[in-house]
Amino acid sequence: MTPQGSLIAILVVCASTVIIAVYGLRFSRTTSDFYVASRTVKPWWNASSIGGEYLSAASFLGVAGLIMLTGQDALWFPIGYTAGYLMLLLFVAAPLRRSGAYTLPDFAQIRFHSMAMRTMMSVFVVLVGWLYIIPQLHGAALTFRVATGLPGWAGTLLVSVVVCVTVLAGGMRSITFVQAFQYWLKLCALAIPTFVILASLGASQKLETVLRDGFGPNASSEDMGIFRTISLIIALLLGTLGLPHVLVRFYTNPDGPSARRTTLIVLGLVSFFYLFPVTLGTLGRGVLPGLSADDADATVLLLPSALFGGAVANVLSAIVLGGAFAAFLSTSSGLVVSLAGVLSQGLFKGTVNGFRMGALIAVVVPTGLALLAETAGLAGAVGAVFAFTASTIAPVLVLGIWWRGLTSLGAMCAMVTGAVTCLVPLGLSVLDLGWDPRVVDTLTQPAIWSVPTAFAAAVLVSKFGGGKKLAPETVDAVMRRLHVPEDSNVRG
């Protein structure tokens, strides 16, 4: 595909996103519209929106890139990303909606009645959001550079500007329309090339050869090992519970049962989506064997031109390119909405104008960091964020919802302990200390020790660490609010 055609495809997706967001502005009037779409989003619509924001650059490009590099070991990423929603369904979705919160700091205030805990949760939510946005912007830079030949920073700035405009237009109400559209766009952008490629290879009887070259006995594949595999699974399963842009969408459901139905639908939508990057990554191992590690995340972008020529390659490349930019835009916009709510409440009194100021800060800071930092593997970078959220926010949510004995001091100690035991190994793994590669590889997957340590800190400090404890009747009222169905609360 020509650079001019690639640029046109990118601009069409960006323009469509802005138009849909401006349409949503017609329905955004109140503060509740901007924060949680007035809690009126139906399960199917909300599930499509969640799928739109959750299936990020790591899902659209990174999964195929990892399979291209490491083979079957990379299958744990889509499995873990999907199974995380099962954990949400079982432990978090309905109670979180019943809490009546707008944001995770709101939940912390409701559960612990502590401004210190609310402040700490706000800091961690903002940190997680910025860490998650950066890989999206790096993915935009990679895609823009590969597709157009222009500098990657232009792609980063383009995504940042479009996200800023869409969020400022109407907050959560506008983003709901945008993300629902972008889920189906991303699905089609991978499904159509997959079916065309499979049909072409099957017709030419090359499919078996491609698969053999990719996963045959002579194909190299890094063995993660049981230790790193278990650690990765823990990070992905529990990391989903701590993603602010995912959790904030459950506040938009009308009630707890609709939050559960939303989660069930998301499980189906996400599972179906991951069939396609897995298939394309598998095909890439046979078709693009010489692709370097630096360009592995571009596998789905390069496959059409590697297999076809002329108009077919151009059309398929345009479709994939549009889907890739939809991934960057939808996930980044969801993250910015969740951060704007937190920053607005903490710094600007929670007004609509404060929400917009928060959105600007939420975009500008990670954009600057993305322009300064080097691009890393997308799925690996996002996997590190999952490990961090699993070690910090997830223990507070799970124990806060299901254990009445958790205190604010225990929750804060859990977050600090999880952060230290997760970030220190990750930091050491990127330093050139001359350590054994096996030790370095182990440090890249810290969840196997950081998550249990965080849970243990929460329990031990809550039981033996002293500090202010809520009165039993206060805890009972909070737990009743989280777990008793809404109609029962009304009758009571």
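Below, each value reflects all heavy atoms present in this structure, side chains not excepted, and no hydrogens, waters or symmetry copies. What you see is a predicted model; the values in this text were computed from it and never measured.
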- Task: Take Gln179 and Ser48 through the side chain to side chain donor-acceptor pair (under 3.5 Å) test and state the conclusion after the steps.
- Result: CA-CA 7 Å; Gln179 290 172 334; Ser48 296; over 6 Å; no
Just verifying a value: how many Å separate [X] [atom1] and [Y] [atom2], rounded to the nearest 0.5 Å?
{"X": "Leu86", "Y": "Ser271", "atom1": "CG", "atom2": "OG", "result": "10.0 Å"}
{"X": "Leu329", "Y": "Ser160", "atom1": "CG", "atom2": "OG", "result": "9.5 Å"}
{"X": "Leu61", "Y": "Leu142", "atom1": "CG", "atom2": "CG", "result": "7.0 Å"}
{"X": "Ile265", "Y": "Arg261", "atom1": "CD1", "atom2": "CZ", "result": "8.0 Å"}
{"X": "Leu236", "Y": "Ile79", "atom1": "CG", "atom2": "CD1", "result": "10.0 Å"}
{"X": "Met120", "Y": "Ser408", "atom1": "CE", "atom2": "OG", "result": "10.0 Å"}

Validation row: [X], [Y] side chains within 4.5 angstrom (heavy atoms):
{"X": "Thr367", "Y": "Thr156", "value": "yes"}
{"X": "Thr143", "Y": "Phe60", "value": "no"}
{"X": "Leu104", "Y": "Val342", "value": "no"}
{"X": "Trp44", "Y": "Leu269", "value": "yes"}
{"X": "Val398", "Y": "Trp403", "value": "no"}
{"X": "Phe386", "Y": "Leu243", "value": "yes"}
{"X": "Leu158", "Y": "Phe325", "value": "yes"}
{"X": "Lys186", "Y": "Leu55", "value": "yes"}

Considering non-hydrogen atoms only, spot the tightest contact between [X] and [Y] and give its length.
{"X": "Pro366", "Y": "Ile134", "value": "O-CG1, 3.9 Å"}
{"X": "Ile234", "Y": "Ala390", "value": "O-CB, 4.3 Å"}
{"X": "Ala189", "Y": "Gly323", "value": "CB-CA, 3.5 Å"}
{"X": "Ala384", "Y": "Leu426", "value": "CB-CD1, 4.2 Å"}
{"X": "Gly242", "Y": "Thr389", "value": "O-CG2, 3.8 Å"}
{"X": "Leu237", "Y": "Ala83", "value": "CD2-CB, 3.3 Å"}

Examine distances only and state if a side-chain atom of [X] and a backbone atom of [Y] form a donor-acceptor pair shorter than 3.5 Å.
{"X": "Trp402", "Y": "Phe91", "answer": "yes"}
{"X": "His483", "Y": "Ile401", "answer": "yes"}
{"X": "Arg404", "Y": "Val475", "answer": "no"}
{"X": "Gln136", "Y": "Tyr132", "answer": "yes"}
{"X": "Ser332", "Y": "Phe328", "answer": "yes"}
{"X": "Thr166", "Y": "Val163", "answer": "yes"}
{"X": "Arg356", "Y": "Leu168", "answer": "yes"}
{"X": "Ser231", "Y": "Ile448", "answer": "yes"}
{"X": "Arg481", "Y": "Ser99", "answer": "yes"}
{"X": "Arg98", "Y": "Leu482", "answer": "yes"}

- Starting from the C-alpha separation in whole Å, work towards a yes-or-no answer on side-chain contact (heavy atoms from CB on, under 4.5 Å) for Met412 and Val461. CA-CA 10 Å; Met412 288 189 287; Val461 173; over 6 Å; no
- Identify which one of Val165, Leu335, Val159, Val336 satisfies the side-chain contact (heavy atoms from CB on, under 4.5 Å) criterion when paired with Val363.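 By the side-chain contact (heavy atoms from CB on, under 4.5 Å) criterion, Val363 pairs with just one of Val165, Leu335, Val159, Val336: Val336.
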- Message: Would Ile393 and Leu241 count as a side-chain contact (heavy atoms from CB on, under 4.5 Å) here? Give the steps.
- Response: CA-CA 8 Å; Ile393 297 176; Leu241 274 62; over 6 Å; no
- Message: side-chain contact (heavy atoms from CB on, under 4.5 Å), that's the test. Do Met415 and Met117 meet it? Break it down for me.
- Response: CA-CA 10 Å; Met415 296 184 78; Met117 180 61 208; 3.5 Å; yes
- Message: Set out, in order, the CA-CA distance, both residues' side-chain angles and the distance that settles side-chain contact (heavy atoms from CB on, under 4.5 Å) for Ile361 and Phe348, then state yes or no.
- Response: CA-CA 12 Å; Ile361 296 173; Phe348 306 110; 3.9 Å; yes
Flag for [Y]-[X]: side-chain donor and acceptor within less than 3.5 Å:
{"X": "Gln182", "Y": "Thr17", "answer": "yes"}
{"X": "Ser462", "Y": "Lys469", "answer": "no"}
{"X": "Ser450", "Y": "Thr421", "answer": "no"}

- Should the pair Tyr54 and Tyr85 be assigned to parallel (<30°), tilted (30 to 60°) or perpendicular (>60°) ring geometry?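 Perpendicular, since the angle between the ring planes exceeds 60°.
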- Message: Atom CH2 of residue position Trp449 - does it have more than 12 heavy atoms of other residues, nucleotides or ligands inside 6.0 Å?
- Response: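 Above 12, so yes.
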- Query: Would Phe77 and Tyr274 count as a close aromatic pair, with their ring centres under 6.0 Å?
  - Reply: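 Aromatic pair excluded; centres sit 6.0 Å or further apart.
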